[in-house]
Amino acid sequence: MSVYKDGNKWRVIYRYTDSRGERKQTQKRGFPTKKEAQAWEREQMNKMESNLDMTFENFSEIYFSDMKREFDEKKNRKSRQNLL
């Protein structure tokens with residue numbers, strides 16, 4: 001995982017191994033601060049490593065993004081309100 005200065009902005013290059021064991025690389029650009037880039041990098045690491053050392057809010061965001069197809073919008077909104 002690497003954070004680089006890209007002109008006036010910051011970019012993150014993130015490497016990981018997917019569920020089939022293949023190595024992948026992704027990047028995201030345009031972060032205004034290094035701190036924001038590092039925060040995004042940390043979130044990606046938590047998602048890919050299934051790290052349990054995360055806040056409930058982050059966990060619920062990951063859960064709802066994964067289960068988005070399962071819930072219709074009305075139920076999703078109601079479930080979020082009940083959890084938070």
Side-chain angles (χ1 to χ4, degrees):
M1 288 28 84
S2 304
V3 177
Y4 298 103
K5 184 82 168 173
D6 190 18
N8 293 333
K9 302 285 183 174
W10 290 88
R11 113 180 127 139
V12 177
I13 296 177
Y14 178 66
R15 295 173 186 89
Y16 63 95
T17 305
D18 69 3
S19 59
R20 294 185 290 169
E22 297 177 7
R23 294 188 50 85
K24 302 283 184 173
Q25 176 176 311
T26 186
Q27 70 175 338
K28 186 170 180 180
R29 298 178 172 192
F31 295 100
T33 64
K34 184 176 182 178
K35 188 175 184 177
E36 289 180 31
Q38 290 171 331
W40 182 84
E41 178 185 37
R42 237 182 340 272
E43 286 179 32
Q44 296 306 308
M45 289 171 57
N46 284 340
K47 287 179 187 177
M48 296 308 296
E49 295 174 1
S50 300
N51 188 352
L52 297 178
D53 187 25
M54 68 175 78
T55 64
F56 181 75
E57 183 179 3
N58 288 343
F59 174 78
S60 65
E61 287 176 13
I62 293 168
Y63 172 78
F64 282 110
S65 68
D66 288 345
M67 299 299 290
K68 194 172 192 175
R69 290 183 220 112
E70 301 285 329
F71 295 110
D72 65 337
E73 194 60 37
K74 189 174 184 180
K75 286 182 183 177
N76 193 0
R77 197 174 316 115
K78 186 176 181 180
S79 296
R80 278 183 186 255
Q81 289 173 350
N82 290 339
L83 283 175
L84 303 175

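Taking 4.5 Å as the limit, some side-chain heavy atom of R15 sits within range of a side-chain heavy atom of I13. Using a 4.5 Å heavy-atom threshold, the side chains of R29 and K9 count as separate. At least one side-chain heavy atom of K5 sits under 4.5 Å from a side-chain heavy atom of W10.
Between W40 and Y14, the angle of the ring planes goes over 60°, which puts this pair in the perpendicular group of the 30/60° scheme.
In this structure, the separation between OG on S2 and CD on E41 is 7.0 Å, given to the nearest 0.5 Å. Between Y16 atom OH and R23 atom CZ the span is 11.0 Å, to the nearest 0.5 Å.
Annotation for V12 and A37: closest pair CG2-O, 3.3 Å, computed over non-hydrogen atoms.
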